[in-house]
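Just so it is clear, the structure is predicted and the values come from calculations on it, not from any experiment.
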Amino acid sequence: MIASSERPHLKIPSSNKATVNVPEVGGASKNRFLVQEHHARRLHWDFRLELDGVLKSWAVPKGPPTEIGIKRLAVEVDDHPLSYFGFEGTIPKGGYGAGEVKVWDKGYYVLELREPRKYHVLLKGRKLKGNYRLINFKDKNWLMYKVA
């Protein structure tokens, strides 16, 4: 786990922090996911899963697939602190990921399978709904695709 204090480039500008209340289900918190549209050097989407006390994160250059049969590259990036969930705003020039960030989708997910190089998740968002796979095929490169 990477603490935000260990990665100062991942700190959120205090004026842009989002407070998110997560409802309890069966005595346990639901797992959240987030997709942020990120206008940095190049437009991409950041896909994040709340897992192990951090936001596991991937940059998806062409955006997450919304239809079955479309496979997208997802490049694993540094874990982000949970306080980053819901962030929207401007990351100043010179900062890590400088540019405009807005929430594209968010919701909850069910982790159906977790292996070192494979995640099966059921996403329950506004735009992303259904069964998705994240499969690591080389180094930090993963495939993201919808199966149902």
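Taking every heavy atom of both residues into account, K146 and G130 meet most closely at CE-CA, 4.3 Å. When all heavy atoms are compared, the tightest approach of W104 to P64 is CZ3-CG, 3.8 Å. Taking each heavy atom of G97 and I91 in turn, the nearest pair found is O-CD1, 3.4 Å. The nearest pair of heavy atoms linking L34 to G86 is CD2-N, 3.5 Å. Contact detail for P65 and R72: the closest heavy-atom pair is CD-CG, 3.8 Å.
Going from atom CZ of R133 over to atom CG of L143 covers 13.0 Å, rounded to the nearest 0.5 Å. Rounded to the nearest 0.5 angstrom, N141 CG and I135 CD1 are separated by 14.0 Å. A distance of 11.5 Å separates CG in N31 from CG in L122, rounded to the nearest 0.5 Å. Annotation: the span from N136 atom CG to E115 atom CD amounts to 12.0 Å, rounded to 0.5 Å. K129 contributes atom NZ, which lies 10.5 Å from atom OH of Y132 (distance to the nearest 0.5 angstrom).
Between L51 and R114, some side-chain heavy-atom pair lies under the 4.5 Å cut-off. Residues F87 and V103 form no side-chain contact, since every pair of their non-hydrogen atoms from C-beta on lies 4.5 Å or further apart. Residues S57 and V77 are in side-chain contact: their nearest non-hydrogen atoms beyond the backbone lie under 4.5 Å apart. Counting only heavy atoms from C-beta outward, the side chains of H80 and V54 never approach each other to under 4.5 Å. In this structure the side chain of R32 reaches within 4.5 angstrom of the side chain of F85, judged on heavy atoms.
With hydrogens and angles disregarded, no donor-acceptor distance shorter than 3.5 Å links the side chain of H39 to the backbone of E37.
Test L128, L111, N131 against V121 for side-chain contact (heavy atoms from CB on, under 4.5 Å) and you get one pass: L111.
No more than 12 heavy atoms of other residues, nucleotides or ligands lie within 6.0 Å of NZ in K102, so this atom counts as exposed by the packing criterion.
Because its NZ or CZ atom is both nearer than 6.0 Å to the ring centre of Y145 and within 45° of the ring axis, K71 counts as a cation-pi partner of that residue.
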Item to check | Evaluation steps, side-chain contact (heavy atoms from CB on, under 4.5 Å), between F137 and L73 | outcome: CA-CA 10 Å; F137 66 92; L73 173 66; 4.1 Å; yes

Next on the checklist: If you apply the rule side-chain contact (heavy atoms from CB on, under 4.5 Å), what do you find for R126 with K106, and how did you get there?
Outcome noted: CA-CA 7 Å; R126 295 176 312 226; K106 64 182 176 179; 4.2 Å; yes

Item to check | Steps toward side-chain contact (heavy atoms from CB on, under 4.5 Å) verdict (E100, T90) | outcome: CA-CA 5 Å; E100 293 292 320; T90 302; 2.3 Å; yes

Checklist entry - Does the pair L49 and Y109 meet the rule for a side-chain contact (heavy atoms from CB on, under 4.5 Å), with working shown? => result CA-CA 8 Å; L49 296 176; Y109 76 94; 3.9 Å; yes

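A chain of hydrophobic side-chain contacts below 4.5 Å, direct or via other Ile, Leu, Val, Met, Phe, Trp or Tyr residues, connects Y119 to L123.
Contact check on R48 versus D79 returns no salt bridge, with no Lys/Arg side-chain nitrogen under 4.0 Å from an Asp/Glu carboxylate oxygen.
H38 and H44 have tilted rings, their planes meeting at an angle from 30° to 60° on a 0 to 90° scale. Classified by interplanar angle (parallel below 30°, tilted 30° to 60°, perpendicular above 60°), the ring pair W58/F47 is tilted.
Side-chain contact annotation: W142 with E76, donor-acceptor N/O pair under 3.5 Å present.
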